[in-house]
Amino acid sequence: MIGNRNRRSWFICTGLLLLMAVMTLSGCGAATKTEDSSGKGENTSAQQTQADKKLVMAYTWKPSGVDPHGDNSWDVMRSGAGETLIRLNEKLEPVAWLAKEWKHDSPNVWSFSVQDKVTFHNGKSMDAVSVKASLLRSIEKSHLAKDLLDVKSIDVTGPLTLKITTNQPNAALVSNLADPSTIVLDVASMKDEQSYPAMTGAFKIKAFNKDQSLVVERYDGYWGEKARLAEATMKFITDGNSRLMALQSGEVDVATDIPVDNAEVLKKNDKLQVLSAPSLRTHMIVYNMESPVFKDATNRKVVDSLIPRASIVSAVMRGFGTEASSPFPSILPFGKIERKALDGTTEQLLTKDGWQKDAQGTWTKQGKPFEVTLLTFPQRPELSVMAEVIQSQLLNEGIQVKIRKVENIDEALTKNDWDFAMYSMLTAHTGEPQYFMDMFYSSTSEANVSRYASKPLENILHSLKLAKDTAQRNAVTLQALDIINTDLPQSFIVHPDNVFGVKKGVKGFTPHPIEYYYITAQSDIAE
Amino acid sequence: MIRFILERVAQLPIIVFVVSTLTFILMRLAPGDPALILLTAHNVPASGEALTALRNELGLNEPLHIQYVNWLRDVFTGHWGTSYVSKESVLNELWSRLPATVELALAGFAVMAVLTLGMGLAASLKVSGPLDRLGRLFALLGSSIPSFWLGFLLIYLFSVRLGWLPSMGREDWSHLVLPALTLGAGLGTVQARVLRAQMLELSDRNFVKAARARGFSRMHILFFEIFKHAVLPMITLLGTNLSFMLAGNVIVETIFSWPGLGKYFIDAITQRDYPVIQGYVMFAAFLIVGVQCLVDVVQTVIDPRLRLR
């Protein structure tokens, strides 16, 4: 028989367990309350009036903070809270934003005048002094801003004018000022830990809930056209399937970065639509120029010619992409180029180069088969599928490919035990070719993953820095691309599209090749 | 009891040392340069100058033994370093996410405990009865359906099709239902079978026969004789699962965008945020030791004979 004491103990433990369960379920509401009162699960857009229209977006990335000069500048820009001196239009040309006009005084010197009547979110007026302070802070905090602007000095020349002097000629300065790392803010607002950064956008930050959401509300003192939405919420949902389901369940109005496999599901839903825009990203193969096989240009050219780009676009990308012929997509004026045709058939070129087919149909040279290692990585699943398609195609032509999946592609590329690798890069993130080409093709750059060195190309890249106008810059870029497409340190496969799922009734959400402008003053939702 | 707890506390520095050393070594063996990952977050190439500057800033250019000594010093002085990504104290970052993880773990635990007790007891009432067979079916499903799949099924049914519950986020109690079910259902249905087996094994013991001979009711025997003895080994199992839920909710947190420690840990691994990874492993070690300590205490309260061992 149980003693009274033991029975009491047993009751206490069981009771505690049940109490814990009840407390957990009933108390979580209070514990989970966030600063954001807007982000209710159900989107009540149907009942929203003009005054309180709210939009909820499922967003892929999860910023660690809202300092636009830190690593989260893209997220802040996408929320509609931050603005830069320069904006990129749909043709990716630099146009005035916070800057009113500019002048190229000499290869190293630019003069800018900034908009008047602009106020920060804390009510202070923006002038040349505050813009200078903001730019200096962005250079101090962001390595990318420092590289892009390459500033030697900034001088305030009037209440609304300033002069920027660069260390070297930097003809891309104007476009580079569209990079989100140069968002203009009131530097003093960053010292107050209780408030959010005071920027100049149509929306101001209302709440930032770490790992959960960024909420912005309409800024009534905005200098331009007032925002149509009262509030917008970016919910951080990193898993692609979860984003899709949040859209299907009606919890969000817009979902970014929809996996192409899921786009078909959305198309069948009559309440939703799929929007896409060409991106400035390029999926490519990078060749190891120190590989015994691929240091020979003929072998690179043969492999390049055998890549089934059209099949990849239709089967792997499900039509959400375009065939690539250069690092830059054809939406850019310097991206419209033809891929160079092979001087003869694969057979002719390889035979001329000393290769011959053995009894199994594999190309061999001096007794060694044409066998190469292709690296791929899991973070972009479509690249691994492409790798298999390419492997199959090359095998049909007598070239053996061993695929090796690595966890960290950048780390793997620093070693020498690979021949070629799947890779993906944003190649013109400010609509300008110069930064990418300097980083990717300079013989001294750590980002030159192919270890490619070309003196003629480096000379052309130097002249690109001195080019004065757009026409000249485009012409010089095309010269550079001609060298790249002749030497083929990379094979450019496809420019993928950015795919969005959008609830019908959402207006003013225009997918843009530049991935900075998601929530804007024009964003709207049906009443 | 106090001596027992003090012994456990005294073991903590040794556990901290071993765990921190192992984590440090394993992290440094793993591929990936945090500076490169940070600078190329949007796949925009980074310059060599920026990489060198950031490596210096993060202390990654120091020799490994210096990095290790710095890390150990930080651990034992309670700093735990600064996140490479957010530039905030690792300890603060972990603390701020702990409530979400504890909330989900306790809710999942409650689901698991209710299922274990309810289904286990029900199944043991009549061997091969309808409830027993239903319990077997649920256990089969619970052990064979992966939690990510169960999570998506629940979202599809209750959020997409029926629109009853939210599919993601952490706002009010309704956001907790689906992740808690996903977390607790699989384990609960399986553990119910363990409880049932324990109950059936004990029902043939002499003390149960003696209770029957004394004329106690069936329910009295079931709850106060058999269940009391069967629950003791179950507590160890439940405690282990609670530790697992507290330290490893990664999949459920990812599916439901639940802002807890597990999700944060996975992001830190992706970004090679060494101080956070090291800090999280330490934190998890503390949690697991703490929960195991609690399990031991609960067991000795229930069965005082254990204090003599």
Side-chain angles (χ1 to χ4, degrees), chain A residues 1-2 6-7 9-10 12-13 17 20-21 24-26 28-29 31-34 39-42 62 64-65 70-71 74 143-144 146-147 209-213 235-239 241-242 245-246 248-251 281 406-408 410-412 424-426 429 436 439-440 444-447, chain B residues 31-33 36-51 53-54 83 85-87 96-97 99-100 103 106-107 109-110 113-114 152 155-156 159-160 163 166-176 211 214 224-225 228 254-257 259 263-264 267 298 301-302 304:
Chain A
M1 188 184 278
I2 311 169
N6 284 355
R7 187 176 295 181
S9 306
W10 187 83
I12 291 169
C13 285
L17 195 69
M20 196 165 70
T24 305
L25 288 171
S26 60
C28 65
T32 60
K33 206 149 191 162
T34 66
K40 293 284 176 204
E42 318 79 46
K62 196 183 70 169
S64 58
D71 299 321
W74 289 42
H143 294 285
L144 183 59
K146 186 169 182 272
D147 284 345
N209 306 304
K210 214 172 240 189
D211 298 343
Q212 295 184 71
S213 62
K235 291 196 173 188
F236 313 139
I237 308 178
T238 49
D239 183 80
N241 287 315
S242 301
M245 287 193 168
Q248 288 176 310
S249 67
E251 289 167 75
R281 176 176 294 284
V406 296
E407 178 58 32
N408 188 299
D410 289 302
E411 180 82 11
S424 180
M425 271 279 141
L426 262 178
H429 77 289
F436 173 77
M439 293 297 125
F440 212 64
T444 55
S445 168
E446 286 192 44
Chain B
D33 175 0
L36 185 64
I37 292 170
L38 276 174
L39 287 179
T40 55
H42 295 282
N43 283 146
V44 177
S47 70
E49 196 187 330
L51 277 168
L54 189 56
S83 162
V85 177
S86 68
K87 313 281 188 295
S96 70
R97 287 161 175 94
E103 186 181 299
L106 287 182
F109 183 80
V114 167
F152 282 129
I155 293 175
Y156 184 72
S159 303
V160 177
S167 68
M168 42 65 66
R170 176 183 180 242
E171 281 154 32
D172 55 37
W173 69 268
S174 63
H175 288 78
L176 189 57
R214 286 185 190 118
F224 295 109
E225 300 295 336
K228 182 211 153 190
T254 303
I255 293 170
F256 291 96
S257 296
K263 179 79 180 66
Y264 182 53
D267 292 338
V298 171
V301 169
I302 291 176

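As a basis for the values below, the full set of heavy atoms in this structure was taken, side chains included, without hydrogen atoms, waters or symmetry mates.
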- Message: Is it true that A/K210 and B/S86 share a donor-acceptor pair across their side chains at a distance under 3.5 Å?
- Response: no

Practice prompt. Report yes if the side chains of A/N408 and B/I37 come closer than 4.5 Å at any heavy-atom pair, otherwise no.
Written response: yes

**Message:** Closer than 3.5 angstrom, by distance alone: can the side chain of A/S242 be matched with the main-chain N or O of B/F256 as a donor-acceptor pair?
**Reply:** no

ask   = Hey, are the side chains of A/D410 and B/D33 touching, using non-hydrogen atoms and a 4.5 Å cut-off?
value = no

Output for pair (B/E171 CD, A/Q212 CD), nearest 0.5 Å, gives 7.0 Å

CD1 (B/I155) and CG (A/N241) are apart, to the nearest 0.5 Å, by 9.0 Å

Polar contact flag, side-chain donor to acceptor under 3.5 angstrom, A/E251-B/S159: no

Applying a strict 4.5 Å limit to non-hydrogen atoms, the region of B/L51 in contact with chain A is side chain

In short, A/M425 meets B/N43 closest at the heavy-atom pair SD-O, 3.2 Å

When rounded to the nearest 0.5 Å, the distance separating CG of A/D147 from CG of B/L39 is 8.5 Å

Of the listed A/A447, A/S424, A/G70, A/S249, the one with the largest count of heavy-atom pairs under 4.5 Å with chain B is A/S249

Among A/E407, A/Q248, A/R281, the residue with the most heavy-atom pairs under 4.5 Å to chain B is A/R281

Per-residue tally against chain A (heavy atom, under 4.5 Å) across B/A50, B/P45, B/S83 peaks at B/P45

Ranked by heavy-atom pairs below 4.5 Å to chain A, first place among B/G48, B/S167, B/S257 goes to B/S167

Applying a strict 4.5 Å limit to non-hydrogen atoms, the region of A/I237 in contact with chain B is both

Residues B/Y156 and A/M245: closest non-hydrogen pair is CB-CE, 4.1 Å

Under 4.5 Å to a heavy atom of chain A? For B/A46 that would be backbone

How about B/K263 and A/D239: do any of their side-chain heavy atoms sit closer than 4.5 Å?
-> no

Sorted by chain and residue number, the ring-ring contact (aromatic ring centres under 6.0 Å, His included) partners of B/F152 (sequence neighbours excluded) come out as none

